[in-house]
Amino acid sequence: MPRDLIPPWTPDSWREKPNGQAVPYPDGAALAESAQRLRSLPPLVTSWEIERLRREIAEAQEGRRFILQGGDCAETLAECRPEVIANKLKILLQMSLVLVHGSKKPVTRVGRFAGQYAKPRSSPVERREVDGREVELPSYFGDVYNGSAFDAASRRPDPWLMVRAYEHSAMTLNFIRALTEGGFADLHHPEYWDLRFFHHAGLSPALKAEYERMTRTLADGLRFMEALGERTVDDLSRVEFFTSHEGLNLEYESAQTRTVPRREGHYLLTTHLPWIGERTRDPEGAHVEFFRGVRNPVGVKIGPAAAIDHVLRVIDRLNPDNEAGKMVLITRMGAERAAGVLPAMVEVVRRAGRRVLWSCDPMHGNGIKTAGGIKTRSFDAILRELETTHGVLASCGAHLGGVHFELTGEDVTECVGGASGVSEQDLTQNYASLCDPRLNYQQALEMAFLLARRMSADRGGA
Ligand code: PEP
Ligand code: CO
């Protein structure tokens with residue numbers, strides 16, 4: 001649509017657009033009251049942090065930086081605990097150091113936590129058999145909307161959960177900010193890393209030797225970070241951290257969207273980097289309408305069924321002026337589909353001259369169910385999608401500028417494979433995710449090592 005025909009944006013213009021994931025709050029008065037409360041509370045992030053992330057994404061778009069995004073599929077209010085938060089931060093930091101080492105580029109860390117409380121669903125209702133009869137209740141849409149327990153009271157969408165989610169995001173961020181200011185100095189000491197699993201019998205001696213060499217030379221990576229103008233090693237305790245979540249609940253997001261003094265435009269202040277999910281990226285829909293009006297960088301998930309002209313329209317809507325640092329395309333094609341689908345898409349975006357960051361989410365296209373009905377993903381498929389995406393982008397004159405993982409710092413058994421050897425039989429040992437299966441600490445770190453190896457090979461390194 002020509003630009004002068006697009007109606008003006010306001011923080012509420014999304015309300016006029018179709019929203020396939022709208023959750024009907026039964027109590028309109030309570031919704032208005034809780035939104036009003038949210039509007040009155042201080043922001044979770046600031047406009048200058050958002051502008052800084054935009055500059056870093058712009059650098060990554062030019063191939064001078066890499067963006068590592070990772071965290072839970074769905075955070076829960078109950079898991080807002082110090083050790084869980086610290087472990088997630090730790091794995092993200094360790095992965096970033098491994099990637100710095102492999103790529104010799106600065107790496108920006110973006111948590112998929114401190115606000116990841118909303119989940120899109122394929123069906124608005126869930127049916128289960130309870131005491132011999134079938135019961136239908138609203139689906140669980142994440143802790144910002146309703147509770148996961150299968151009973152009518154928990155599943156009723158409660159607008160005050162928006163305020164609780166905001167509070168838990170604030171508590172999480174507060175702890176992260178404190179840790180990154182000083183408490184994490186040990187991170188770059190290898191003894192703090194749990195690398196015992198690399199001695200697992202399943203690894204070839206060559207791979208084992210390579211991991212050991214990479215760990216020993218991580219200090220190189222730290223020196224490079226300094227050389228590249230990142231903070232000094234001593235200063236590494238004050239690492240930079242950004243937060244991201246799926247911008248699904250527009251009642252929540254619009255209530256924290258504001259203008260700020262001395263800057264133009266509106267900022268969404270619940271998060272630095274919101275993303276639009278695979279189910280809500282309709283160029284004419286409510287989510288694209290809302291996010292076209294905020295200054296934040298915006299991610300968009302792109303699955304294998306996305307039409308190329310649809311992707312271009314989304315980009316045009318969200319970033320009509322082709323500004324640097326604004327658009328992150330997060331492809332999630334699946335290991336089998338990526339090679340077939342991606343090249344044409346990358347080519348069209350490149351020929352259109354659109355500035356985007358290509359990031360790969362190798363998780364959401366690779367879900368499988370075991371014979372016993374457990375949702376899992378295989379380490380090999382995840383790695384294969386990453387490698388295929390990386391290769392396709394390079395051969396199309398673009399580059400992989402970021403990755404997006406579902407992971408946790410805990411020792412869960414949700415994804416199969418990797419050097420630590422989680423098998424299908426192990427899945428029930430510690431399956432904690434309420435939603436999608438995540439890489440555990442060891443799988444996440446190994447994934448970073450393998451990606452770093454690929455990046456190092458690209459540079460002609462060993
Ligand atoms: C997610 O990131 O948890 C998700 C639901 O992804 P997608 O929108 O890509 O399916
Ligand atoms: Co998920």
Side-chain angles (χ1 to χ4, degrees), residues 19-23 67-76 79 88 110-124 139-145 148 165 243-250 253 271 273-283 285-288 290-291 298-306 310-311 314 318 327-335 337-338 341-342 345 357-369 374-378 381-382 385-386 389 402-408 412 414-415 431-440 443-444:
N19 179 357
Q21 292 282 329
V23 175
I67 309 287
L68 168 67
Q69 195 177 2
D72 296 299
C73 180
E75 273 175 296
T76 61
E79 284 293 282
K88 262 187 299 214
V110 183
R112 197 188 142 115
F113 47 94
Q116 176 51 18
Y117 291 115
K119 293 310 301 171
R121 299 312 333 216
S122 39
S123 166
S139 294
Y140 168 57
F141 280 90
D143 279 9
V144 71
Y145 282 113
S148 60
T243 174
S244 69
H245 64 243
E246 177 167 353
L248 187 71
N249 184 337
L250 297 179
E253 309 301 351
T271 188
L273 173 62
W275 77 84
I276 301 174
E278 167 73 356
R279 290 162 194 78
T280 47
R281 59 171 161 69
D282 171 6
H287 292 79
V288 171
F290 177 73
F291 287 106
V298 180
V300 183
K301 294 284 203 83
I302 312 278
H310 173 119
V311 174
V314 171
L318 291 170
M327 281 297 314
V328 181
L329 295 185
I330 309 167
T331 64
R332 28 88 85 222
M333 302 297 180
R337 307 284 305 275
V341 177
L342 261 179
M345 194 175 289
L357 179 76
W358 290 100
S359 175
C360 176
D361 162 2
M363 313 299 291
H364 287 90
N366 291 311
I368 48 173
K369 258 196 184 158
I374 303 176
K375 260 165 83 173
T376 188
R377 291 159 170 160
S378 100
I382 294 167
E385 178 163 353
L386 268 186
T389 304
V403 282
H404 179 121
F405 291 113
E406 284 186 345
L407 54 79
T408 172
V412 298
E414 297 171 5
C415 292
Y431 197 105
S433 177
L434 278 188
C435 250
D436 292 334
R438 302 159 294 178
L439 296 171
N440 64 23
Q443 290 167 329

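When a ligand or atom number is given, it counts from 1 through the structure's own listing order. Every heavy atom of this structure was used, including side-chain atoms; hydrogens, water molecules and symmetry mates were not.
The residue His245 has no part lying near ligand 1, judged by heavy-atom distances below 4.0 Å.
Under a 4.0 angstrom heavy-atom cut-off, Met363 registers as lying outside contact with ligand 1.
Within Asp436, OD2 is the N, O or S atom that lies nearest to the Co ion (ligand 2). In His364, the N, O or S atom that comes nearest to the Co ion (ligand 2) is NE2.
Listed by atom number, the atoms of ligand 1 under 4.0 Å from Pro120 heavy atoms are 5 (C). The contact set between ligand 1 and Gly277, taken as ligand atoms under 4.0 Å from a residue heavy atom, comprises 8 (O). Set against the non-hydrogen atoms of Cys73, the atoms of ligand 1 under 4.0 Å away are 3 (O).
For Glu246 (side chain) and Gln116 (main-chain N/O), no donor-acceptor pair under 3.5 Å exists by modelled atom type. Not one N or O on the side chain of Thr271 forms a donor-acceptor pair closer than 3.5 Å with the backbone of Pro274. Panel note: side chain His245, backbone Gly115; a donor-acceptor pair is recorded below 3.5 Å. At least one donor-acceptor pair closer than 3.5 Å links the side chain of Arg112 to the backbone N or O of Asp72. Distance alone, capped at 3.5 Å, is enough to place a donor-acceptor pair between the Glu414 side chain and the Arg438 backbone.
Scanning all protein heavy atoms for the shortest distance to atom 8 (O) of ligand 1 gives Glu278 N, 2.8 Å. Scanning all protein heavy atoms for the shortest distance to atom 1 (C) of ligand 1 gives His364 NE2, 3.0 Å.
With Asn366 as reference, Glu385 is the one residue of Arg337, Arg377, Glu385 to meet the side-chain hydrogen bond (donor to acceptor under 3.5 Å, both in side chains) rule.
No side-chain heavy atom of Val314 sits less than 4.5 Å from a side-chain heavy atom of Ile302.
Comparing Arg332, Lys301, Arg121 by heavy-atom distance to atom 10 (O) of ligand 1, the nearest is Arg332.
Side chain to side chain, Gln69 and Ser244 meet the donor-acceptor criterion of an N or O pair below 3.5 Å. No donor-acceptor contact under 3.5 angstrom links the side chains of Arg332 and His404, judged on distance only.
Glu406 contributes OE2 and Cys73 contributes SG; the angle these two atoms make at the Co ion (ligand 2) is 90°, rounded to 10°.
Below 3.5 Å of separation, one finds an N or O of Arg112 facing an N or O of ligand 1. Polar contact check, Glu406 against ligand 1: a nitrogen or oxygen pair lies under 3.5 Å apart.
Between the Co ion (ligand 2) and Cys435 there is no N/O/S contact shorter than 2.8 Å.
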